[in-house]
Amino acid sequence: MTIIKKSSAEIEAMKEAGRLSAKVLREVGALVRPGVSTLELDQCAEELIRQEGGVPAFKGYGGFPGSICASVNEQIVHGIPSASVVLKEGDIISIDTGAIVDGWVGDNAWTFPVGTISPEKQRLLDVTEKCMWTGLEAARAGNRLGDVGHAIQAVAEAAGYGVVREYVGHGIGRNMHEEPNVPNYGHRHTGVKLEVGMVLAIEPMINMGTHKTRPMPDGWLVCTRDSKPSAHFEKTVAITEEGPVVLTTEEGHRRPV
């Protein structure tokens, strides 16, 4: 395993890709409402990324056709945007966006409510977001990957939810997916030791029911095995001497966890 650590200057350079990715996620999320198709959201994301001189990180990646991943309700990740997928009142949608700026990649995701959602779905969103922040907090030099995964898993399972095993977070830099893999489950004090200069995409995928998944025939979309809803939140974070610093933020880049 080769983990590519980044210098402080390189982390600084990554912040622009992070800022643009966060801006696009926020602006596309603001368009989420009943009657909107996921293709419309995708087209908006691509336009916004290119307007600021970025390149959509997902488009063409491994043959993926979209600029965002748009995954609705029981869809966990990698939903292909489509004119035929029209959002309805009460849905939830995970939007995953990535932008490349000056060769660096920013990657983030958020799950949005469509109109008014049920209390059960809102709890899923709240817990999954908490899982993400808890995992980010654990991404500190001296900890290990198992500490990050355990922190996420403990929050999710205490709420009675399933933690997806087959799809995980990852290192990130000039490539969207770098070493190491960052599971959302694990045991404390196990796995790769975290060091200053590592940059990770931490992205819990949490299911209302079973953790088991069901890949779909298009080769991209993954759904829950029991067809219960799933939520997905993600941020790119740098491990620094001062602690974890979220790069996918518009808030002056530097907000520590």
Side-chain angles (χ1 to χ4, degrees), residues 1-22 25 57 96-110 127-158 163-165 167-206 232-257:
M1 180 189 302
T2 302
I3 296 174
I4 305 170
K5 291 192 286 186
K6 282 74 180 176
S7 67
S8 56
E10 288 174 324
I11 289 172
E12 196 69 27
M14 289 189 72
K15 290 174 180 175
E16 183 56 23
R19 181 201 65 81
L20 181 55
S21 297
L25 183 59
D96 196 342
T97 68
I100 302 169
V101 178
D102 295 329
W104 296 103
V105 184
D107 187 9
N108 58 179
W110 204 265
V127 169
T128 308
E129 182 183 353
K130 182 180 179 183
C131 286
M132 179 189 70
W133 289 114
T134 304
L136 290 166
E137 171 65 31
R140 295 179 177 273
N143 280 354
R144 293 182 178 272
L145 281 176
D147 295 308
V148 175
H150 177 83
I152 292 169
Q153 182 178 12
V155 172
E157 293 184 350
V163 180
V164 171
R165 277 16 181 213
Y167 304 89
V168 297
H170 49 90
I172 186 169
R174 291 198 176 276
N175 296 298
M176 184 157 59
H177 292 105
E178 297 182 354
E179 296 290 353
N181 284 338
V182 184
N184 297 304
Y185 57 93
H187 299 284
R188 289 192 183 104
H189 314 309
T190 64
V192 171
K193 189 174 183 179
L194 302 180
E195 299 178 9
V196 169
M198 290 184 180
V199 181
L200 308 174
I202 292 178
E203 52 176 324
M205 290 154 265
I206 307 299
H232 175 212
F233 287 76
E234 174 186 23
K235 286 188 181 290
T236 299
V237 63
I239 299 172
T240 75
E241 294 282 5
E242 293 74 37
V245 175
V246 173
L247 304 184
T248 44
T249 176
E250 297 178 83
E251 300 170 12
H253 307 316
R254 288 194 172 276
R255 184 160 66 91
V257 177

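Start at 1 with the first residue, then count along the sequence.
Proximity of a side-chain donor or acceptor of R165 to a complementary backbone N or O of V163 within less than 3.5 Å is detected. Remark: side-chain polar atoms of Q153 are paired, donor with acceptor, to backbone N or O of G186 under 3.5 angstrom. The closest donor-acceptor contact from the side chain of D147 to the backbone of R188 lies at 3.5 Å or more, if one exists at all. Between the side chain of K6 and the backbone N or O of I4 there is at least one donor-acceptor pair closer than 3.5 Å.
In this structure the side chain of N184 never reaches within 4.5 angstrom of the side chain of V164, judged on heavy atoms. Inter-residue side-chain proximity for T240 and S8 is flagged as unmet; no heavy-atom pair is nearer than 4.5 Å.
In this structure, CD on E234 lies 3.5 Å from CG on D107, to the nearest 0.5 angstrom. One distance of note links OG1 of T190 with CG of L145; it measures 8.5 Å at 0.5 Å rounding. Expressed to the nearest 0.5 Å, how far CG of L247 lies from CH2 of W104 amounts to 11.0 Å. With values rounded to the nearest 0.5 angstrom, R140 atom CZ is found 11.0 Å from E242 atom CD. Taking NZ from K15 and OG from S21, the interatomic distance works out to 15.0 Å, rounded to the nearest 0.5 Å. Atom NE2 of H170 is separated from atom CD1 of I202 by 10.5 Å, given to the nearest 0.5 angstrom.
Across every non-hydrogen atom of L194 and V148, the tightest pair is CD1-CG2, 4.0 Å. The minimum heavy-atom distance between I206 and A156, with the atom names listed, is CD1-CB, 3.8 Å. Contact between M205 and Y167 at its shortest, heavy atoms only, is CE-O, 3.3 Å. Of all the heavy atoms in E203 and D96, the pair that sits closest is OE1-OD2, 4.2 Å. Between P244 and A139, the closest heavy-atom pair is CB-O, 3.4 Å. Taking all atoms of both residues into account, the shortest heavy-atom contact from A17 to V105 is CB-C, 3.9 Å.
The residue from E195, E179, E10 that alone fulfils the salt bridge (charged side-chain N to carboxylate O under 4.0 Å, His left out) condition with K5 is E195.
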field: side-chain contact (heavy atoms from CB on, under 4.5 Å) evaluation trace for V182 with V168
entry: CA-CA 6 Å; V182 184; V168 297; 5.6 Å; no
task: Please assess L136 against K235 for the test side-chain contact (heavy atoms from CB on, under 4.5 Å), listing each intermediate value before the final yes or no.
output: CA-CA 8 Å; L136 290 166; K235 286 188 181 290; 4.2 Å; yes
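Between the side chains of N108 and T236, no donor N or O sits under 3.5 Å from an acceptor N or O. In summary, the side chains of E137 and W133 do not present any donor paired with an acceptor at a separation below 3.5 Å, with no hydrogens or angles considered.
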